[in-house]
Amino acid sequence: MHEAIRFILNGEDVTLGDFGPTETLLDYLRLRRRLTGTKEGCAEGDCGACTVLVGRLTELGLRYESVNACIRFLGSLHGTHVVTVEHLAGDDGTLHPVQQAMVDCHGSQCGFCTPGFVMSLYGLWLSNAAPTRADIESALQGNLCRCTGYEPIVKAAEQVSANRPSALFDPLERDRTEIMAKLWSIRSEMETIVVKKDGAHSIVPASVSALTDILAEEPDATIVAGATDVGLWVTKQMRHLDPVIFINHLTELQSIVSDETGIAIGAGVSYTQALDTLSDELPAFGRLIDRIGGQQVRNMGTIGGNIANGSPIGDTPPALIVLGAELTLRTHAGRRTVPLEDFFLAYGKQDRLPGEFVEKVFVPRPAEDGHFAVYKVSKRRDEDISALCGAFSLMLDGDGKVENIRIAFGGMAATPKRARHVEEALLGKTWSWGVISAVRDIFDEDYTPLTDWRATAAYRSLAAKNLLTRFFLETAGQPQELRRFELEEA
């Protein structure tokens with residue numbers, strides 16, 4: 001057992017054994033290392049001023065992703081390469097092409113948000129040699145600016161992608177082989193790590209098997225994968241967490257496998273990792289993933305965490321419920337499988353035994369002649385929490401009657417919940433405008449939504465009914481959704 005984590009910070013090897021379980025990367029960079037280019041704006045993963053890159057080993061090699069340092073805990077950094085804005089310029093002060101493009105295109109005014117934008121654009125520059133405008137906008141979803149109106153920043157991204165210098169100039173491209181060798185060395189020497197400070201414990205298990213053993217001894221420990229929600233428990237609610245178990249390095253939980261029966265998604269699979277597969281297999285689900293947080297949040301957050309957290313406004317559970325997803329839960333004693341819809345018992349309470357964790361979710365492949373849709377309603381399109389999220393799955397028989405239908409909503413009750421009365425009213429009926437109109441008010445038997453700052457109860461109730469209407473219109477061949485490319489053409 002080790003007592004320190006190891007990672008690379010810019011060009012320096014770091015061994016760190018003096019940190020608490022909720023100490024953030026942002027505080028470490030600014031307060032301990034005086035790397036003040038990384039800013040604190042919102043402290044909740046929304047504004048992007050704290051954006052850095054974190055490189056990690058994957059099956060495809062070394063991958064760098066933009067993340068929010070304000071909600072990224074130090075315990076999650078073992079075996080990674082952390083890159084801050086200070087690492088981009090040359091030793092002689094020559095700006096990196098991404099930085100120079102921001103200067104040339106006047107992409108900075110007050111300058112507070114600029115380092116975060118630079119790092120997001122740098123992540124795009126590393127991963128996409130010819131980004132479209134949609135790619136650029138997606139990469140910048142998690143960065144907010146009050147001054148520029150964004151157009152100069154987008155132009156900077158377009159300029160730097162059109163004029164790429166030799167890769168040898170870039171520090172990450174130049175040193176990639178050496179960095180990979182160091183990270184492989186750290187991984188090969190992996191043992192369970194326990195870091196103690198002021199009586200609090202940060203635990204980094206060596207494997208999933210080790211995780212089960214640890215949870216058998218510490219069943220009340222907080223498990224952290226992406227920290228996109230847990231981070232706010234600390235930065236906004238000032239909660240004390242101890243012990244904390246970090247699992248984002250466990251590749252055993254990061255597989256996503258698609259076959260003729262369905263899609264098996266490991267609990268540690270991030271939204272970004274799942275995006276391509278879900279977009280190919282379930283396009284409506286892929287479009288939903290693209291609207292969860294900003295790029296930084298999608299790089300950190302996991303589907304398993306979204307489920308295990310049990311939030312009534314989590315975006316993925318409604319879609320997974322109507323698709324008939326099943327959870328595999330694991331303890332030291334073994335595994336069990338439960339339907340996802342049965343996992344949510346009450347507000348803040350899930351069907352999880354002491355020491356049990358979500359290992360994977362299995363999504364059965366829907367019938368080719370079925371219909372599936374999921375709709376997110378929020379105050380702004382990108383990087384916003386849902387007011388409500390509705391999902392629909394429909395199978396019609398040869399006569400156009402409802403053979404099977406599943407409807408589920410988040411944001412309408414204390415847990416993600418099916419609209420069973422509406423489903424029963426539609427079953428066996430002809431899928432027609434008259435039938436849809438007649439059952440809309442039955443939603444009031446299924447849900448009693450609350451009023452909060454995201455939406456009123458009346459708005460949520462009406463929106464749920466209107467989403468059923470929208471689903472009917474779309475299955476009847478009348479597309480109701482304006483896609484991004486359609487907006488651009490307009």
Side-chain angles (χ1 to χ4, degrees), residues 261-265 278 281-289 303 306-307 310 312-327 337-345 350-351 361-377 386 388-432 435-436 438-447 449 460-461 463-476 480-481:
T261 64
I263 308 170
I265 306 171
L278 292 178
E281 305 282 353
L282 300 164
F285 207 153
R287 293 194 293 274
L288 173 69
I289 296 295
I303 291 178
N306 197 234
I307 293 168
I313 53 172
D315 282 325
T316 63
L320 293 169
I321 286 172
V322 303
L323 290 169
E326 294 182 333
L327 286 185
T337 301
V338 298
L340 177 59
E341 63 180 298
D342 295 339
F343 179 68
F344 306 105
L345 302 178
Q350 297 85 47
D351 179 14
V361 56
F362 177 74
V363 187
R365 186 172 299 283
E368 292 185 1
D369 53 350
H371 302 276
F372 166 69
V374 56
Y375 309 113
K376 174 172 177 168
V377 177
S386 294
L388 72 157
C389 184
F392 302 81
S393 177
L394 170 70
M395 175 65 69
L396 301 175
D397 64 17
D399 296 324
K401 294 183 178 180
V402 178
E403 183 176 306
N404 184 44
I405 187 165
R406 293 166 70 97
I407 302 170
F409 274 88
M412 294 286 287
T415 65
K417 181 184 174 185
R418 284 177 63 180
R420 292 189 176 275
H421 288 93
V422 177
E423 292 174 359
E424 291 172 3
L426 289 170
L427 199 61
K429 303 290 179 56
T430 300
W431 188 243
S432 64
V435 170
I436 293 298
V439 305
R440 280 169 50 99
D441 287 341
I442 299 178
F443 274 109
D444 296 334
E445 300 178 28
D446 286 306
Y447 302 113
R460 287 185 163 107
S461 179
K465 298 170 185 178
N466 287 343
L467 288 180
L468 173 62
T469 300
R470 172 175 170 176
F471 180 61
F472 166 75
L473 292 173
E474 290 187 348
T475 58
Q480 302 301 305
E481 181 178 7

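Everything quoted here is computed from the prediction, not taken from an experiment. Residue numbers count from 1 along this sequence.
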So, for [X] and [Y], which heavy atoms are closest and what is the spacing to 0.1 Å?
X	Y	result
Val435	Lys429	CG1-CB, 3.9 Å
Gly310	Phe344	CA-CE2, 3.9 Å
Ala464	Met412	CB-CE, 3.7 Å
Ala373	Ala284	CA-CB, 4.1 Å
Pro312	Pro416	CA-CD, 4.1 Å
Asp397	Asp399	OD1-N, 2.9 Å

Are [X] and [Y] side-chain neighbours, meaning at least one heavy-atom pair lies under 4.5 Å?
X	Y	value
Thr261	Phe362	yes
Ile436	Thr469	yes
Val322	Arg418	no
Pro317	Thr415	no
Val402	Leu396	yes

When you look at Asp444 and Lys465, which way does the salt bridge (Lys or Arg N to Asp or Glu O under 4.0 Å) test go after all the steps?
-> CA-CA 9 Å; Asp444 296 334; Lys465 298 170 185 178; 3.3 Å; yes
Electrostatic pair Glu474:Arg470 at N-O distance under 4.0 angstrom |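 So Glu474 pairs with Arg470 through a salt bridge.
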Nearest-0.5 Å distance, [atom1] of residue [X] to [atom2] of residue [Y]:
X	Y	atom1	atom2	answer
Leu323	Leu340	CG	CG	10.0 Å
Phe285	Ile303	CZ	CD1	5.5 Å
Arg440	Leu467	CZ	CG	9.5 Å
Ile321	Ile407	CD1	CD1	13.0 Å
Ile442	His421	CD1	NE2	9.0 Å
Leu468	Ile405	CG	CD1	6.5 Å

Is a donor on one side and an acceptor on the other found under 3.5 Å between the side chain of [X] and the backbone of [Y]?
X	Y	result
Asp446	Val422	yes
Arg460	Gly411	yes
Tyr447	Ala419	yes

Qualifying residue for side chain to side chain contact (heavy atoms under 4.5 Å, CB included) with Ile265, from Val363, Ile307, Thr316 =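 Looking at Val363, Ile307, Thr316, the match for Ile265 under the side chain to side chain contact (heavy atoms under 4.5 Å, CB included) is Val363.
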Stepwise, does the side-chain contact (heavy atoms from CB on, under 4.5 Å) test hold for Ile263 with Leu278?
-> CA-CA 9 Å; Ile263 308 170; Leu278 292 178; 4.1 Å; yes
Look at the rings of Phe443 and Phe409 and say which category their plane angle falls in: under 30° parallel, 30 to 60° tilted, over 60° perpendicular.
->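 Phe443 and Phe409: perpendicular rings.
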Once the angle between the rings of Phe471 and Trp431 is folded into 0 to 90°, is it parallel (under 30°), tilted (30 to 60°) or perpendicular (over 60°)?
->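 Judged by the thresholds at 30° and 60°, the geometry between Phe471 and Trp431 is perpendicular.
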